[in-house]
Amino acid sequence: MENIRVRFAPSPTGYLHVGGLRTALYNYLFARRNNGKFILRIEDTDRNRFVEGAVENLIEALKWCGLEFDEGPEVGGSFGPYMQSQRLDIYQKYVQELISNGNAYYCFCSQQRLEVLKEEQQKQKLPQAKYDKHCLTLSKKEVEEKLANKDPFVIRLNIEPNHRIIFDDIVRGKVEFDSNNVDDQVLIKSDGYPTYHLANVVDDHLMQISHVIRGEEWLSSTPKHVLLYDSFKWERPIFAHLPLLLNPDRSKLSKRQGDVAVEDYRTKGFLKEALVNFVALLGWNAGDDQEFYYMNELIEKFTLERVNKAGAVFDLEKLNWLNAEHLRKKSNEELFILLKQEILNSQFSINNYNDSYLLRVIAAMKERVSFVHEYLTKSPYFFEAPKEYEETAVQKNWNHETPAQLQKLSDEFNILVNPEKEDYEHALHKVAEELNVGKGKLIHPLRLAVSATSTGPGVFDIVVILGKEETISRIKNALEKIKIS
RNA sequence: GGCGCGUUCGUCUAGUGGUCCAGGACGCCGCCCUCUCAAGGCGGAGAUCACGGGUUCGACCCCCGUACGCGCUACCA
């Protein structure tokens, strides 16, 4: 394919929705896969919905996910400006062309008349409420008078009745509409701003967009867009309407049923690699069994032809799994950077752990965490000595003989010099033999003493990481604090 | 209501007329490994392929209808 140019065109509502991320990602993958350009265009033609800082947020979220755009706000490009609010004169120019060839017309109808019209149509049980083309009957003179008189107006698309509007969609195949079901859509609002329908078509053409890849919610208005391309005698882009992302109850993914913003997932500790991987698989697969992907692999394999038609439920369980998978694939050094940051934002920020210590903690817990923050919540004992001990673990692993046995173990540890993991193991083995008890009688209480819990890495791994002094100190502490009846 | 789109295990999905009494993944359950918890390995439960008609020697795959779901139906995108 030649000259592939695609765009992600969000309205700046304040944050990047995960559905938006999926749309942006598919655009990005398609562009990179085909050596095309990925463009960001901001659809800010609704002045009532202006949100301060929304564009910056959007760009920040896209960048975090690794979706770098080739043209757009901040980076520029030769088809700018990339903010629709800065292109108003362009839309005016083109809509005049439409008016002069009869494909659009001025409409001076008041809000009230439109409401009355709608009510009447509903009363008559008409299949659909539509504008009645009332202002199309105005003479040229009447229009000029009203314009001169500064009467408020909108400009509407003049849809010719009784014909079929047909277009192809990569995802859905041939889609067909009856023009009688398409309303004379407003193209220019009374404030002079264009509606999405006009702006989107004009910009896609001017920016030489080859493929329009967007959410399914746009499918129903595509006939209007197609008609606009035809009216301008412009070549239509290739359309691909993506299935929606759904809540667990299969309604459109919404805030009410969980997190929808990329930044929500970011603050919850999800890795960008996992989020991107997960979202890519919601509505697309390569046709093989691979589920774990890095961005470069997605780029290599992505095709629009393999995008599904049906909506997909956003399943947190699988995201969690992918997060764990991506976390485990990271090197200890990468995790080290993430963990340092995590510590800085935690109750342990006042402590200073040395690098090699943290690296050893990372290695020991790697298979046991799904999130970086779980290093702190699942193994707090690496970050501070236990204060209280897990009750059920005490009941299960501590009895009246335990204190004496642990004391003996502690004494044995105490005579070790620069012990390695094996040295602790030998010491414990020796004590167990001398006491004539199974090793478990020592191992479990030891674990409890040093970690306050009954789960975690191998106890000798914990001990060797904590070091001899700390281990002995913790055993002493446990002996003082753990009381059983 | 109208128009459009969709419908394979709970969820994400494979499947493009015979190889499917439907394969993989997440989750769930069991076993193995084992000082615990994970990870890993092995195995299991789980889908009359929404339903009903066609077409065909043969249909998850093609056609029609029904049901259900979702989207759109704004001077919002």
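It should be emphasised that the depicted structure is a prediction, and the values quoted were computed from it without experimental measurement. Just so we're on the same page: letters track the sequence lines, and every chain starts at 1.
A donor and an acceptor atom, one from each side chain of Lys130(A) and Asn180(A), are nowhere located under 3.5 Å apart. With hydrogens and angles left out, the side-chain atoms of His241(A) and Arg214(A) include a donor and acceptor closer than 3.5 Å. A donor-acceptor contact closer than 3.5 angstrom links the side chains of Glu391(A) and Gln395(A).
Seen from the ring of Phe460(A), Lys421(A) does not count as a face-on cation partner, given the 6.0 Å and 45° thresholds.
Atom CD of Gln185(A) and atom C1' of C72(B) are 11 Å apart (whole Å). Atom pair Asn323(A):CG and C26(B):P shows a separation of 15 Å (rounding to whole Å applied). The distance between atom NZ of Lys329(A) and atom C1' of G40(B), rounded to the nearest whole Å, is 13 Å. Across the protein-nucleic acid pair, Leu319(A) atom CG and G27(B) atom C1' stand 14 Å apart, rounded to whole Å. The distance from atom CG of Leu219(A) to atom C1' of C70(B) is 12 Å, rounded to the nearest whole Å. Atom NE2 of His197(A) and atom P of A77(B) are 7 Å apart (whole Å). For the pair Glu325(A) CD and A25(B) C1', the interatomic distance rounds to 11 Å; values are reported in whole Å. One interatomic measurement links the two molecules: CD1 of Ile188(A) to P of A74(B), which rounds to 19 Å at whole-angstrom precision.
A donor-acceptor pair under 3.5 Å is absent between the side-chain atoms of His211(A) and the main chain of Ile213(A), judged by distance alone. Arg7(A) places no side-chain N or O within 3.5 Å of a backbone atom of Val212(A) that could act as its donor or acceptor partner.
For the P atom pair drawn from U7(B) and C61(B), the interatomic distance equals 12 Å after rounding to whole Å. Atom name C1', nucleotides C51(B) and A45(B): the rounded distance is 26 Å, in whole Å. Atom name P, nucleotides U55(B) and A74(B): the rounded distance is 44 Å, in whole Å. Distance check on atom P: C62(B) versus C5(B) gives 15 Å, rounded to whole Å. Remark: the separation of the C1' atoms in C60(B) and A14(B) is 12 Å, to the nearest Å. When the P atom is used for both G40(B) and A47(B), the distance is 26 Å, rounded to whole Å. Between U48(B) and G43(B), the two C1' atoms lie 25 Å apart (nearest whole Å). Of the C1' atoms belonging to C49(B) and G15(B), the separation is 10 Å, rounded to the nearest Å.
Searching all strands for a Watson-Crick or G-U wobble partner of C26(B) with both distances below 3.5 Å returns G10(B). In this structure A77(B) sits in no base pair that meets the Watson-Crick or G-U test at under 3.5 Å. Across every strand in view, G40(B) sits in a pair with C32(B) that passes the Watson-Crick or G-U test at under 3.5 angstrom. Across all strands shown, U16(B) forms no Watson-Crick or G-U wobble pair with both key distances under 3.5 Å. Base pairing of C3(B): its partner is G71(B), meeting the Watson-Crick or G-U wobble criterion (both donor-acceptor distances under 3.5 Å). As the counterpart of U66(B), A50(B) is assigned, both hydrogen-bonding distances of the Watson-Crick or G-U wobble pattern falling under 3.5 Å.
With sequence neighbours excluded, the residues forming a ring-ring contact (aromatic ring centres under 6.0 Å, His included) with Phe302(A) are Tyr26(A), Trp284(A), listed by chain and number. Qualifying side chain to side chain donor-acceptor pair (under 3.5 Å) partners for Asp289(A), counting only residues two or more places apart in sequence or in other chains: none. The side chain to side chain contact (heavy atoms under 4.5 Å, CB included) search around Glu297(A) returns Gln290(A), Tyr293(A), Tyr294(A), not counting sequence neighbours. In this structure Leu246(A) satisfies the side chain to side chain contact (heavy atoms under 4.5 Å, CB included) test together with Leu244(A), Arg250(A), Val313(A), sequence neighbours excluded. Every residue two or more places apart in sequence or in another chain that forms a side chain to side chain donor-acceptor pair (under 3.5 Å) with Lys318(A) is listed here: Glu291(A). Taking Asn200(A) as the reference, Tyr196(A), Asp204(A) meet the side chain to side chain donor-acceptor pair (under 3.5 Å) condition, with sequence neighbours excluded.
For Lys130(A) and C72(B), the shortest distance from a side-chain N or O to OP1 or OP2 is not below 4.0 Å. A sub-4.0 Å separation between OP1 or OP2 of G69(B) and a side-chain N or O of Lys252(A) is absent. Note on Lys224(A): every side-chain N or O is 4.0 Å or more away from OP1 and OP2 of C72(B).
Each side chain to side chain donor-acceptor pair (under 3.5 Å) pair with one or both residues in residues 447-458 of chain A, not counting sequence neighbours, appears once here: Glu390(A)-Thr453(A). Among pairs with a residue in residues 359-381 of chain A, those fulfilling side chain to side chain donor-acceptor pair (under 3.5 Å) read Asn332(A)-Lys366(A), at least two apart in sequence or across chains. Sorted by first then second residue, the salt bridge (Lys or Arg N to Asp or Glu O under 4.0 Å) pairs that include residues 152-163 of chain A, not counting sequence neighbours, number zero.
Mapping Arg164(A) and Arg447(A) onto RNA chain B via the closest heavy atom, the residue that lands nearer the 5' end is Arg164(A). Residue order along RNA chain B, read from the 5' end via each residue's closest nucleotide, puts Leu244(A) first among Gln84(A) and Leu244(A).
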If a protein heavy atom is under 4.0 Å from the base, mark B; if only from the sugar-phosphate, S; if neither, -; do that for nucleotides 6-14 of chain B going 5' to 3'.
SS---SBSS

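Checking A74(B), G24(B), A77(B) against the side-chain heavy atoms of Lys118(A) singles out A74(B) as nearest. When distances are taken from the side chain of Trp321(A) to each of C75(B), A25(B), C70(B), the shortest belongs to A25(B).
In this structure, Val154(A) reaches the bases: a heavy-atom distance under 4.0 Å links it to at least one base atom across the strands shown. Among the atoms of the strands shown, none is found under 4.0 Å from any heavy atom of Lys441(A). Across all strands shown, Glu176(A) has heavy atoms under 4.0 Å from sugar-phosphate atoms exclusively, and none from any base. Counting any heavy atom pair closer than 4.0 Å across all strands shown, Thr45(A) reaches sugar-phosphate atoms only and no base atom. Residue Ser220(A) is in base contact, counting any heavy-atom pair closer than 4.0 Å across all strands shown.
For the segment residues 89-96 of chain A, the set of residues with a heavy atom within less than 4.0 Å of an atom of RNA chain B is empty. For the segment residues 453-464 of chain A, residues with any heavy atom less than 4.0 angstrom from an atom of RNA chain B are, sorted by number, Ser454(A), Thr455(A), Gly456(A), Pro457(A), Gly458(A), Val459(A), Phe460(A).
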